[in-house]
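Below is one structure; the comments refer to it alone.
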Amino acid sequence: MCGIAGYVGKKAVAPLLIEGLKRLEYRGYDSAGLALNANNQLYLEKAAGKVVELEKCVNAQPGLNELTGCGIAHTRWATHGRPTAVNAHPHLDGSNRFAVVHNGIIENYQELRRYLEGKNVHFRSETDSEVLVHLIAEAYEGNLLSAVAAALKQVKGTYGIAVISTLEPGLIVTARNGSPIVIGLGNGENLVASDVSPLLPYTSKVIYLNDGDIAAVYADKVDLRNINNMPVEREVARIDWDASAAEKGRYEHFMLKEIFEQPEAISNAIRGRLDAENGCSILNGLNLTPRDLAQISRIVIAGCGSSMHAGLLGEYYFEDIAGISTSVEQAAEFRYRNPIIEPNTLVIPISQSGETADTLAAVREAIRKGAVVTALCNVVGSTIAREAGRGIYLHAGPEMSVASTKGFTTQVAVLLLLALLLGRNRRLSRSEGIELVKQIEAVPDLIRSVLEQAPLIEEIAKRYAQVENFFYIGRGCLYPAALEGALKLKEISYIHAEGYHAAELKHGPISLLDENHPVLALANDVLGKDKIIGNIQECRARKAPVIALVAQGDTRVRSMTQDVIEIPQCSRFIAPLPSVVAMQLFAYYVAVARGCEIDQPRNLAKSVTVE
Ligand code: AGP
């Protein structure tokens with residue numbers, strides 16, 4: 001859950017690293033630091049707080065911004081040790097000849113720390129990561145890559161690291177096990193980062209390290225090996241995102257940009273994947289023949305947070321459209337509870353980042369048990385995508401805001417495509433398939449019509465900006481949508497929002513309702529619309545203010561509440577998509593009205609790469 005950046009080449013290093021860290025801040029932002037290797041010494045700057053605090057420290061050092069050569073940098077999300085400057089990375093050894101930045105968790109760090117302190121090594125920080133730099137210094141015998149490999153062999157846990165040393169100028173050694181590292185191949189310069197966003201201004205050619213890989217990165221070459229010092233070959237991938245795609249553009253926040261990108265993101269997610277003629281979908285990344293598909297007798301979906309909510313919609317789709325028994329699991333539960341997986345079980349891990357530790361562990365558990373694993377990820381080349389071996393990329397483009405928006409809606413769109421494919425592989429008729437294809441193709445325009453209501457939604461949001469509690473209620477496919485809507489509000493406005501099945505209110509939660517406890521009701525339900533009206537009346541009878549999402553033209557609730565958001569008429573399978581977009585906007589405008597930090601909410605990080 002931290003961001004790493006490194007550069008070796010002819011440019012001034014510090015400004016480039018600071019800019020790279022700013023692009024990685026969504027991965028963690030409680031402290032930051034950098035180390036430059038020049039003039040046979042290491043220049044170190046670290047600061048608590050966001051990257052801008054580090055930038056101030058660097059700018060205050062005469063000449064630091066002009067230094068060229070190589071350097072590494074880190075923006076932190078604390079796991080061990082408080083978010084202070086001392087605990088910020090890079091960490092240096094006692095002789096100040098080695099500097100390390102680390103993303104991950106060293107599970108045996110206490111044991112290693114005791115071993116090193118027994119050799120009179122003095123620790124400066126409270127972190128687990130600092131043991132790495134001292135192990136490297138101890139192992140160094142003239143070859144930095146060998147010393148790093150020797151040190152990492154003593155480590156239990158996860159790491160993505162970058163290392164520099166005054167003893168080998170112009171070199172960054174980088175390695176990964178469980179935390180992502182990508183190398184950017186420039187012209188007379190090379191870069192290292194936790195993901196592609198810092199690399200985009202300099203190159204579109206990248207190499208994703210696999211677990212167990214280690215590399216010596218020079219300005220003019222990359223020597224790639226495994227931890228046992230054997231050369232390895234890795235594909236050079238080409239990134240089709242340009243640097244602007246990772247910028248905010250005309251929007252104040254990444255979250256608003258990504259909300260408004262959803263029509264395009266969903267168009268990209270379904271592009272080339274719908275067969276209107278046969279009422280089917282085309283998912284080449286599955287690498288499963290129709291016969292393989294026909295043998296799937298059960299589906300298990302695993303994910304966390306919004307990805308799990310998308311999975312809950314997948315359950316409705318796979319059972320109702322494809323007729324396949326399906327269950328959804330919080331990935332951390334799946335990995336530890338010894339799940340029953342038969343040979344014909346399809347396990348679908350869902351992860352926007354492709355790096356969520358619990359979801360990655362669920363992938364490994366499913367593979368261990370012989371399941372067919374198909375991952376839904378957004379980040380090309382991410383660990384989950386690669387370890388699953390097959391899957392469907394979301395093609396949503398970079399999602400920078402911690403609160404997932406287009407990641408969620410493209411996951412749902414891809415789940416619909418998969419349900420269509422599996423359905424047509426079974427009892428879904430061609431005409432039913434053609435109808436579903438039309439519904440899916442219409443989603444971008446449905447979302448556009450909701451986005452056009454942004455001013456109305458903003459006006460409603462301002463009226464609710466000071467509340468401290470909220471319920472979101474829905475039925476059928478709108479029940480997972482209610483869970484997702486509540487999560488959005490919770491995570492960026494810090495309001496205690498909970499999603500419930502509408503029928504659940506009477507079983508306890510309704511005791512909390514009063515004039516200070518509003519309810520957002522998804523009343524644009526197709527099947528349960530009479531029931532949800534009753535639920536709204538129950539809420540109003542307790543004086544709870546109600547915001548109602550209603551199907552366009554439905555006037556029945558207007559006598560119960562003034563706060564109505566119209567959602568375009570669409571099928572029950574499709575209704576969650578435009579509904580969630582309305583709730584994303586609502587959450588965004590409430591958080592703005594409350595003056596909250598939007599893209600990097602407190603306590604959160606974009607990718608939870610630790611348990
Ligand atoms: C979503 O808004 C949250 N930021 C969070 O729940 C997120 O969905 C979860 O951490 C899973 O992330 P992933 O999709 O990258 O695996």
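In each ligand, atom 1 is the first atom listed, and ligand 1 is the first ligand listed. Basis for what follows: all heavy atoms, side chains included, without hydrogens, waters or symmetry-related copies.
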Per-atom contacts of ligand 1 with Ser306, taking only distances under 4.0 Å to non-hydrogen atoms: 1 (C), 2 (O), 6 (O), 8 (O)

Interfacing atoms of ligand 1 (cut-off 4.0 Å, heavy-atom, Ser307): 8 (O), 13 (P), 14 (O)

Validation row: Leu417, Ile392 side chains within 4.5 angstrom (heavy atoms): no

Protein residue, atom and distance nearest to atom 10 (O) of ligand 1, heavy-atom basis: Val608 CG2, 4.0 Å

Between Tyr464 and Phe470, ring centroids under 6.0 Å: yes

Salt bridge (charged side-chain N to carboxylate O under 4.0 Å, His left out) assessment of Glu387 paired with Arg364: CA-CA 8 Å; Glu387 292 209 10; Arg364 292 170 175 168; 2.5 Å; yes

Sub-4.0 Å heavy-atom contact, Lys488 with ligand 1: yes

Residue Ala403 vicinity, atoms of ligand 1 by number, heavy atom under 4.0 Å: 2 (O)

Check: Met583 and Lys488 side chains under 4.5 Å, non-hydrogen atoms: no

Tyr588 and its side chain to side chain contact (heavy atoms under 4.5 Å, CB included) partner, picked from Leu489, Ile457, Ile598: Ile598

Of the listed options Cys304, Ser401, Gly303, Ala587, closest to atom 9 (C) of ligand 1 (non-hydrogen atoms): Cys304

Within-cut-off N or O pair, Gln352 and ligand 1, under 3.5 Å: yes

Atom 4 (N) of ligand 1: nearest protein contact (heavy atom, Å): Val402 O, 2.8 Å

Ser353 N/O under 3.5 Å from ligand 1 N/O: yes

Check: Tyr159 ring centroid to His102 ring centroid under 6.0 Å: no

Top protein contact for atom 6 (O) of ligand 1, by heavy-atom distance: Gly305 CA, 3.2 Å

Ligand 1 atoms in contact with Ser404 (distance to a heavy atom under 4.0 Å): 1 (C), 2 (O)

Atom indices of ligand 1, in the order listed, that fall short of 4.0 Å to a heavy atom of Thr356: 12 (O), 13 (P), 15 (O), 16 (O)

Location of contacts on Glu491 toward ligand 1, heavy atoms closer than 4.0 Å: side chain

Smallest separation among heavy atoms of Ser194 and Ile4, with atom names: OG-N, 2.7 Å

Ion pair Glu264/Lys406, N-O distance below 4.0 Å: no

Criterion salt bridge (charged side-chain N to carboxylate O under 4.0 Å, His left out) on Arg368 and Glu365, from CA distance to verdict: CA-CA 5 Å; Arg368 200 178 359 260; Glu365 178 69 4; 3.0 Å; yes

